[in-house]
Number of protein chains: 2
Amino acid sequence: MESLSNTEKQIIEAAKKIFFQKGLSGARMQDIADEAGINKALLHYYYRSKDKLFDMVFEDAMNEMFVDIKASQRKDVTLKEKITVVVNSYITVIGRNPYLPLFILHEVNQHPERMVQRMTGGANFPEIKSFIKDIQTGAKKGVIRKVDPLQLVISIISMSIFPFVARPMIQGNIRVGQ
Amino acid sequence: MESLSNTEKQIIEAAKKIFFQKGLSGARMQDIADEAGINKALLHYYYRSKDKLFDMVFEDAMNEMFVDIKASQRKDVTLKEKITVVVNSYITVIGRNPYLPLFILHEVNQHPERMVQRMTGGANFPEIKSFIKDIQTGAKKGVIRKVDPLQLVISIISMSIFPFVARPMIQGNIRVGQ
DNA sequence: TATTATTTTAACCATTTGGTTAATGATGCA
DNA sequence: TGCATCATTAACCAAATGGTTAAAATAATA
């Protein structure tokens, strides 16, 4: 991220746009070049291969998706505040970039190994385990009802993210039923 | 679906396997032919083009995803039973074929028009509108708390489907945090 | 069995696509 | 101003890929 040339930024922006929409296998280097308004060879000049370029974009996407979440894991925040932060964060981030979640989910499914790397390497990634512990102590204190902590986490994440992912289908459906 | 030859079935099965895993743009006709144990030209003999073949698979997928759901829309079932049927149906169907939801979501995002067709044409497709009405009358009768019906539907669907979609990420995450 | 229709294949073909190369433009610097 | 480095491009290449064709194998039919 340190001092990218103007062209480099254009390329990354273009690559994000195309990769987010079409995925790795659906994206064409020519499309990215066109979107960036440059020659295709220049893509390879800066980022050697399609895969390398995709890696950058993917790492960017992961960061974008989870930056704010990290904030919820500060120790000095109450459980309910943490939950609020998580939900708000997802809604804000995805609202800003609707392609993000489905892009990540699809690509993780295509190459699970690629994500495990980013997860161990990448700085900001939400730690579910710590969230679970918070819920457990919260339940003991009586702040929330006693539930399976993992299930609660999954439910919160599901309800925060899935509506965006399924939006085209739901909207389509409602429209079809008049 | 009426009396397909053995080869045709093999092709459909192979095509489903490959398309489900890799999506339209990621799938190779050669892969499908190999998976079916036949020559690539035979694919085109039965299903003219990759797109035509994909259309079959996609329609199949949509049906598979929503067959059972239709059952929940019978009039003589209570609201809570309906909800149970919906949740169980999704869990069963996706448990049987984990690739299904992400495949559909991804492809619908790639070509929204394709889905709208399937939705208007396809027989079994869950009608959210009718579900919403059930919830509204249920709320009036006091069977459930008064909530935004659409939000409830979306939450139910989210919690039923998303855990499967995000499974690799959640499992990966938990493993990484030891 | 002879012939016709159907199924299957090997060999091709045209296009697309990721990637390379060599030349041209620009930019800084001595 | 001349030279060297960096940025950019047009033209090209090889491999991959969807699709075709003509021939071979198989099944149906008379």
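Lettering follows sequence order; numbering is per chain, from 1.
- Residue contacts shown for B/Ala27 are limited to sugar-phosphate atoms, with no base heavy atom under 4.0 Å away.
- Using a 4.0 Å cut-off, no side-chain N or O of B/Ser49 falls inside it from OP1 or OP2 of D/dG18.
- For A/Ser5 and D/dA7, the shortest distance from a side-chain N or O to OP1 or OP2 is not below 4.0 Å.
- Atom-to-atom, CG of B/Asp31 to C1' of D/dG18 comes out at 13 Å; the value is rounded to the nearest Å.
- One finds a side-chain N or O of A/Arg28 lying less than 4.0 angstrom from the OP1 or OP2 phosphate oxygen of C/dG18.
- Candidate nucleotides C/dG18, D/dA7, C/dT8 were compared by shortest atom distance to the side chain of B/Tyr45, and C/dT8 ranks first.
- Going from atom CG of B/Leu43 over to atom P of C/dT7 covers 15 Å, rounded to whole Å.
- A/Ser25 and B/Ser25 share a donor-acceptor pair across their side chains, judged by distance under 3.5 Å alone.
- Between the side chains of B/Glu59 and B/Asn63, not a single donor N or O lies within less than 3.5 Å of an accepting N or O.
- Counting atom types as modelled, B/Lys50 pairs no side-chain N or O with a base atom of D/dG19 as donor and acceptor under 3.5 Å.
- Taking atom CG of B/Asn6 as the reference point, atom C1' of C/dT6 lies 16 Å away to the nearest angstrom.
- Put simply, CG on B/Leu42 is 17 Å from P on C/dA11, counting in whole angstrom units.
- Minimum atom distance to the side chain of B/Asn39 is reached by C/dA10, of the listed C/dT20, C/dA10, D/dG18.
- Between B/His44 atom NE2 and C/dT9 atom C1' the separation is 14 Å, expressed in whole Å.
- Closest contact between the side chain of A/Ala41 and the listed nucleotides D/dA10, D/dG19, C/dT9 involves D/dA10.
- Among D/dG18, C/dG19, D/dT9, the nucleotide with an atom closest to any side-chain atom of A/Lys40 is C/dG19.
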Determine, stepwise, if the pair A/Lys22 / A/Asp31 fulfils side chain to side chain contact (heavy atoms under 4.5 Å, CB included). CA-CA 10 Å; A/Lys22 311 207 174 178; A/Asp31 295 342; 3.8 Å; yes
Under the side chain to side chain contact (heavy atoms under 4.5 Å, CB included) criterion, do B/Leu102 and A/Leu102 qualify, and how do the steps go? CA-CA 8 Å; B/Leu102 199 48; A/Leu102 198 49; 3.7 Å; yes
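- The separation between B/Ile11 atom CD1 and C/dT8 atom C1' is 11 Å, rounded to whole Å.
- In this structure, A/Arg48 places its CZ atom 18 Å from P of C/dG18, rounding to the nearest Å.
- Look at CD1 on A/Ile32: it is 11 Å from P on C/dG19, rounded to the nearest Å.
- Taking 4.0 angstrom as the limit, B/Tyr46 places a side-chain polar atom (N or O) nearer than this to OP1 or OP2 of C/dT8.
- A tilted orientation is assigned to the rings of A/Phe20 and A/Phe103, their planes being inclined by 30° to 60°.
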